[in-house]
Amino acid sequence: MPQVLVPTVCPYCGAGCQFFISVEKERATGIEYMPEHPASEGALCSKGNASLEVLYHQDRLRYPLKKTGDGWARISWHEAQELIVRGLGGALKKFGPERVGFLSSSKCTNEENYLIEKLARCLGSKNIDNCARLCHAPSVVGLNRTLGAAGMTNPIPDLANSKCVFIIGSNLAENHAILSRWINRAKDEGAVVIVADPRMTHTAWMADIFLQLKPGTDVALLNGLAHVIIKEGLIDKDYIAKLTRGYDELVEAVKDYSPEKVSEITGVPADDIIRAARAYAISPTSAILYSMGITQHCTGTDNVQAIANLALISGNLGKPGSGVMPLRGQNNVQGACDMGALAEFYPGYKKADDPETARFFSAGWGRGSLPVGRGLTATEMIDAAGKGDIKAMYIVGEDPMNSDPSSNHTHDALEKLDFLVVQDIFMTATAQMADVVLPAAVWAEKEGTYTSTERRVQWSRKAVSPPGEARSDLEIVCDVANHLGLDFDYPDAAAVLAEINRLVPQYGGITRERLDGMGLIWPCPDKDHPGTPILHSLGFKLQDGRASIMPVQYRAAAENASWDYPFILTTGRVAVHHNAGSMTRRSPSLIEREPELFVEINTNDAARLKIADGDEVLVTSLRGETSARARLTDKVKKGVVFMPFHFSGTNKLTTEVTDPEARIPEFKVSACKISWRD
Ligand code: SF4
C-alpha cells in the first residue's frame, strides 16, 4: 500500500503549526514538514516532532471501564451509557441541573467543544467551563472589556514587521517556540526586544532590555511604563483622541508610579524602566506578547488591562507590527472559548446572563428553554463539589488533579461526588477518581477544526483509526446526549461546523469547503469574507467605536514570603513538556530529556541551606508538600524558586486564591519552604 500524507494540526501549543502524518498500511509512520504553513514555515519544536509517540503508547485507553471494588473492569459502550444515564441522568433528576458540572477540553476540536457546551446547556446546566479558566480567562475578561475582542490582535508572522517586541510573562522560546523565529527576524531588521519575567528564561536571552521583576508586581511595572510614556510626552495624541476613552483617568491613576517607586516594588532598576518605556513608545510599531506569567495571578485581569492601556496610549493597535498578543497555551484553548465552553459565554461570546442569548440559542437549537446566567467556573465547580453542592461531573480531556491548584483539595472534592465520568486518552490522575472512564481518540484519529492563538481556524484530518474501541469525542458526546434524551444527530464534524457557521457570527464564513488549505482567521462573517488577520484596524466594537482605557492600581499578591515559608514559588513550563504532562510524560524522547520534577533555587539560597545541585529536597507550602530535584541556578533571584507544573507534585503547593473577576488561580505566587528530604 503506498504512503499517504495526511495534513494535521499539532496537538500541543496554540501556535497551530501544521505538518503531514505519513500513513502506511493504516499506521502512522512518520512526520513530513509543511514549509508553506504561514506561521511555522515547516518548522516544528521538540513536542511537535514527538507528537506521534503517544499514538501507539501502551497506556492508551482502549475500552470503556467501570470502577469495581478492587480496580477497573472492562465494560461495553452500552453498559457505559447505562451507567451514565443512571449516574449523570440520575443526578440531574434528583438534584437538578445546577448541581451537575461539565468540563470541556481545549484539546478537543471546535465541533466537540461546541457539542459539549450544548449538551450541558440543553440539559439545563450553566456549569460548563474549560481549562482557559486556568490560563487565559483574564484575557477574555480584560480584553473584551478594553478592546471589545479577546483574541490575539495580529497574526504570528506579522511579528517580523515589529520594531519593538515587548514580551511579558511568557517564556515563548520554550513554550511557543515557533514564535522565536519571527521575533529573531524582527531583531535582524533592527527591532528592540524587551522581556519582563521573574526568571532569566530562554526568552530573556533574546532581550535587549531584560526586566527581572519580583513575581506578582506586573501592574506596578506596567503602570510605571505608562507613567514614563505620559510624562515624557511619548503618547499618540491623535489615536487617543479619536479611538479611546478614559485617558485622563489613566494620567491620574499612574501619576504616583515614578520609576524610582516602581523600582522599589518590582526590583527592576529605574533606568531600565525608563529605557523600556521609551523603546516601546518611540518605536513606530510595537507589539506586546504575554502569556500565563501575566494571567495566572489574583490580579490577572488587572495585568491584562494594564497591557491594553499601554498599547492604547501609544497607538499600537490596528496596524501591522503592533498589537496585543495573548499567547494561548493549549492547541484549541482559543476555539474552546469561541465555542462557548465558558461559564460566562454561550458560543461567539454571547453573554450567558443576557436573556436574549438564551432566546437566540433556544431558537437555533430548537430547544424550549435554556439556562440564563453565569455558571460555576472550573475551579468553582471543584470547590462546590467539596462542599457537596455539585453532585456529578462529566469531565472531557481535562485533568484537574494535576492542573488545578492545591491538588489535595481537588482530590478531596472529587472524592465527594456521587458520580464522575471522565473521557480521555490515558488513565489520568482525574480518571483514576472516576466511576466510569470513556476511551477517546487523539487528534490524529479524528477530524475537525482547531483555532490557533492567532485566531486561525484550521481543519485537521483523520490519519489513522483509534485503538480498541476508543471513539472520537464527537461520537461519544452525541451518544451520551442521545441516551440522556436529547437529539444530537451529527454524522460528522462538518455537520457540526455547518451549525456553527449559522450560529457563531465570527465563524459565519469559515465553512468546511474553505478549509482545505491554511485555514481562515476569524472574524470571517460570510463565505466571501477573506478573514481578519489584524483586529481593530477600523476601530473597536465598543461604544462609539472607541476602546476603553481602564486604569488599575497595583495590589500585592495574596501570599508573601514569611518566616515559616520564606520563598516565593513561581511555576511555568519547560520546552519538552506540555501542561499537565499526560502526553509528553508518555513520549519517550521527551521524558528522557526532562524525566522528573525539579526546583530551581538561587545558588546563594542553596549555599545557605547547604543544598547541592541534584539533591532531592522537600518543598512545602500551607497546602501540601512534594519532593523535587534541586537545580542550583542564577536564573531565579534570591528568595524565588521555580518549578514546572508538568509533574504531579507542583500543584500540591499552589494557592487556591483566584482573581476576583476571571476566577483564575494565582499559580504564579505561592509561599513555600525548602528542606532536606529525610
Ligand atoms: Fe506544536 Fe507549538 Fe511546537 Fe508548533 S510550537 S510544533 S504548535 S508545540
Side-chain angles (χ1 to χ4, degrees), residues 6-22 28 30-55 106-110 131 135-136 152 155-157 159-160 167 170-185 201-203 206 289-292 325-336 442-444 448-461 463 518-519 521 572-587 589-591 593-594 644-646:
V6 182
T8 196
V9 181
C10 177
Y12 286 114
C13 90
C17 303
Q18 283 203 50
F19 56 91
F20 296 100
I21 301 177
S22 345
I31 278 173
E32 296 276 332
Y33 298 115
M34 191 185 279
E36 64 273 29
H37 191 266
S40 66
E41 298 183 309
L44 295 178
C45 74
S46 50
K47 293 188 285 287
N49 274 310
S51 57
L52 299 189
E53 291 178 12
V54 297
L55 287 185
S106 57
K107 291 201 280 282
C108 286
T109 63
N110 286 323
C131 77
C135 63
H136 272 287
M152 206 164 123
I156 291 169
L159 281 166
I167 305 161
S170 171
N171 184 10
L172 58 86
E174 292 199 65
N175 306 323
H176 297 85
I178 254 44
L179 271 71
S180 305
R181 299 161 61 83
W182 298 100
I183 295 167
N184 280 325
R185 219 167 278 182
T201 60
H202 289 198
T203 308
M206 290 198 285
L289 290 81
Y290 71 88
S291 193
M292 299 194 299
M325 315 197 19
L327 304 177
R328 261 61 179 192
Q330 188 64 53
N331 62 335
N332 202 32
V333 71
Q334 178 69 56
V442 300
W443 94 104
T449 56
Y450 298 90
T451 305
S452 74
T453 189
E454 58 176 357
R455 294 173 281 114
R456 186 183 299 276
V457 183
Q458 305 184 102
W459 185 268
S460 187
R461 294 187 187 209
M518 297 302 143
I521 296 185
R573 291 179 274 193
V574 297
V576 297
H577 284 295
H578 193 62
N579 290 358
S582 63
M583 288 164 72
T584 52
R585 280 188 280 115
R586 288 182 173 89
S587 282
S589 69
L590 299 177
I591 194 72
R593 287 166 63 186
E594 204 62 271
F645 52 65
H646 316 295

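Index from 1, following the sequence. Keep in mind the model is a prediction, meaning the values are calculated, not measured. Counting starts at 1 for both ligands and their atoms, following the listed order.
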Could you find the nearest protein heavy atom to atom 2 (Fe) of ligand 1 and give me its residue, atom name and distance? C13 SG, 2.3 Å
In terms of residue, atom name and distance, what is the protein heavy atom nearest to atom 4 (Fe) of ligand 1? C17 SG, 2.3 Å
S460 and T8 side chains, donor-acceptor separation under 3.5 Å: yes
Among the heavy atoms of G16, does any lie under 4.0 Å from an atom of ligand 1? yes
With under 30° as parallel and over 60° as perpendicular, where do the rings of H578 and Y12 fit, or are they tilted in between? perpendicular
One pair to check against side chain to side chain contact (heavy atoms under 4.5 Å, CB included): S51 and K47. What are the steps and the verdict? CA-CA 6 Å; S51 57; K47 293 188 285 287; over 6 Å; no
Short side-chain to backbone donor-acceptor contact, H176 and C13, under 3.5 Å: no
Within less than 2.8 Å of atom 1 (Fe) of ligand 1, any N, O or S from C10? yes
Smallest separation among heavy atoms of I31 and G48, with atom names: CD1-O, 3.5 Å
If you take all heavy atoms of Q18 and L44, which pair is closest and at what distance? O-CD2, 4.4 Å
Atom 2 (Fe) of ligand 1 contact by C45, N, O or S atom under 2.8 Å: no
Any atoms of ligand 1 less than 4.0 Å from a non-hydrogen atom of G48? List them with their elements. 6 (S)
Under 4.0 Å from one or more heavy atoms of Y12, ligand 1 contributes atoms 8 (S)
